[in-house]
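Here is the structure we will look at, set down as structure tokens.
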Amino acid sequence: MVVTTTMILVVVGVLLLLWRARRRRGGVYLVEYGCFLGEPRHRVPFAMALEHGRLMTNLLDEESTNFMVRLHQKSGIGEETSVPDSFRYLPPERGIEASREEAELVIFSAVDKAFAAATGLVPADDIGTLIVACSFTTPTPALADVVVRRYGLRADVRSVNLSGMGCSGALIAIGLAENLLRVAPPGSRVLIVATEILSSMLYTGRKREMLVPNVLFRMGAAAIIMSNSPEKARFRLGPIVRTLTAARDGDYRCAFQEEDDEGITGINLSKELPVVAANALKGHLVAFGLAVLPTSELLRVAISFINHKIINKFFTTTKDSNNNYYRPGFHRLFQHFCIHPGGRRVLDEVQRGLGLTDDDMEASHMTLHRFGNMASSSLLYELAYIEAKGRMRKGDRVCMISFSPGIDCSSVVWECIKPTDHHLHHGPWAACIDRYPVQLPKIVKRTA
């Protein structure tokens, strides 16, 4: 038995070394990024949202409105989040023109800010590839074409329009950009735009599982400029890991766009979603750990696994709890974490899974409070929060994690090579960073 265990450890160690060696390739970099910031007229305080809900009796019944009120009170979302102008109409405007107006507002603002921060770059001359990620709004011409037209991008630009990717869209786009830049000529640049258009997403039915997105989602967009040259770059791209569990029926159906019994389209969030997502995250963290953890940590994990699965099977009669497994020190490997702010409960599950501190989760919770869930663009607002706080240092490593229907889990690692104070003075947090962090209200569980 001792010989078998030793052989397993040797094989595991060799495989891990080969895995890490294969991942060492040429550099890909983040040059700059920009985030949309709503104007005061886009602000939707709770009282205003409640008033609109009470007035729209032909769309929302009292029971549905009261459910959304209770959900909002536990959501951790503050009073300064933004919604499109179309939501202020009674009834709200959900047509294609409203979606186009919102898309142009948020996308153009984010791209303008990204290029303003990246001094010296000209969209028409420097962008060879454009990737736009937006799940639920797919007009024709595509949103990528809207960007090409607005900025006069050159005729040979390679454009990609990603839809249906959900809140992992930005990180999936980064993975695609990496693959393209690996084989592109030196000095090539990719522009990524990540957004979600709310004007086409409002659900006005009565099914509770489909009312949740109305409460959590808010208006936002982010633009990222990437390159395969370190010139003017601020972050170096590290490992990217993506896992997809859609082959399992429960995972595939846990967040599903469909029509309710009255024929009203929305996103059905299953009651099993937290459990399903937590299980998918566990599997994802195994793959992520293989990509980012040092060999010493990986060996500790392997020894813990062998001890529980093999040795205990033959030499003990009691079953050990999963809590006895060795937990890798992710918090020691990264200085900053940007976790998708899908909701307070989601963030709490990730915090437990990674063994993170409250300080590690600050950027995620504060982004949820100030801006709400802005789908895949949210992670860039979290990065901007860390920079606006002046916490980013050269050599710091940033871990981004997102998840979306599927269940699709994605992780991206960045290493800072040039800190900046641009986002302190011009980023989405410029006018309010001194007020953060704020104390979030405690969630009080209701008893029967």
Distance only, no hydrogens: is a donor on one side chain within 3.5 Å (strictly under) of an acceptor on the other, for [X] and [Y]?
X: S199; Y: S86; value: yes
X: Q351; Y: D358; value: yes
X: E362; Y: Y385; value: yes
X: T137; Y: S200; value: yes
X: T243; Y: H284; value: yes

**Report entry** Residue pairs passing the salt bridge (Lys or Arg N to Asp or Glu O under 4.0 Å) test where at least one lies in residues 208-225, sequence neighbours excluded
**Finding:**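 Salt bridge (Lys or Arg N to Asp or Glu O under 4.0 Å) check on residues 208-225 returns E63-R208.
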**Report entry** Sole residue of C409, P405, S404 in side chain to side chain contact (heavy atoms under 4.5 Å, CB included) with S168
**Finding:** S404
Under a 4.0 Å N-O cut-off, is there an ion pair linking [X] with [Y]?
X: K282; Y: E349; answer: no
X: R242; Y: D408; answer: yes
X: E415; Y: R397; answer: no

Query raised in the report: Would R234 and E387 count as a salt bridge (Lys or Arg N to Asp or Glu O under 4.0 Å) if you check the C-alpha gap in whole Å, the side-chain angles of each, and the deciding distance to 0.1 Å?
Result: CA-CA 12 Å; R234 299 216 299 109; E387 296 209 272; 2.7 Å; yes
Requested in this report: Just jot down the ring pair (Phe, Tyr, Trp, His ring centres under 6.0 Å) partners of Y29, sequence neighbours excluded, or say none.
Outcome: none
Query - CZ-CG distance between R352 and L281, expressed to the nearest 0.5 angstrom - result: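 These two atoms lie 11.5 Å from each other.
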Query raised in the report: Just by distance, do the side chain of D348 and the backbone of R345 share a donor-acceptor pair under 3.5 Å?
Result: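 No, D348 side chain to R345 backbone: no donor-acceptor pair under 3.5 Å.
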Query raised in the report: Has R150 got its NZ or CZ under 6.0 Å from the middle of the six-membered ring of F108, at an angle within 45 degrees of the ring axis?
Result: yes
Query - Cationic tip of R253 above F256 ring, under 6.0 Å, 45° of axis - result: yes
**Report entry** side-chain contact (heavy atoms from CB on, under 4.5 Å) evaluation trace for D85 with E102
**Finding:** CA-CA 8 Å; D85 292 333; E102 180 189 348; over 6 Å; no
Query raised in the report: Where does the angle between the aromatic ring planes of F371 and W429 fall among parallel (under 30°), tilted (30 to 60°) and perpendicular (over 60°)?
Result: perpendicular
Tabulate below the donor-acceptor pairs under 3.5 Å that side-chain atoms of residues 112-119 make, not counting sequence neighbours, or state none.
from, atom 1, to, atom 2, distance (Å)
D112, OD1, Y151, OH, 2.7

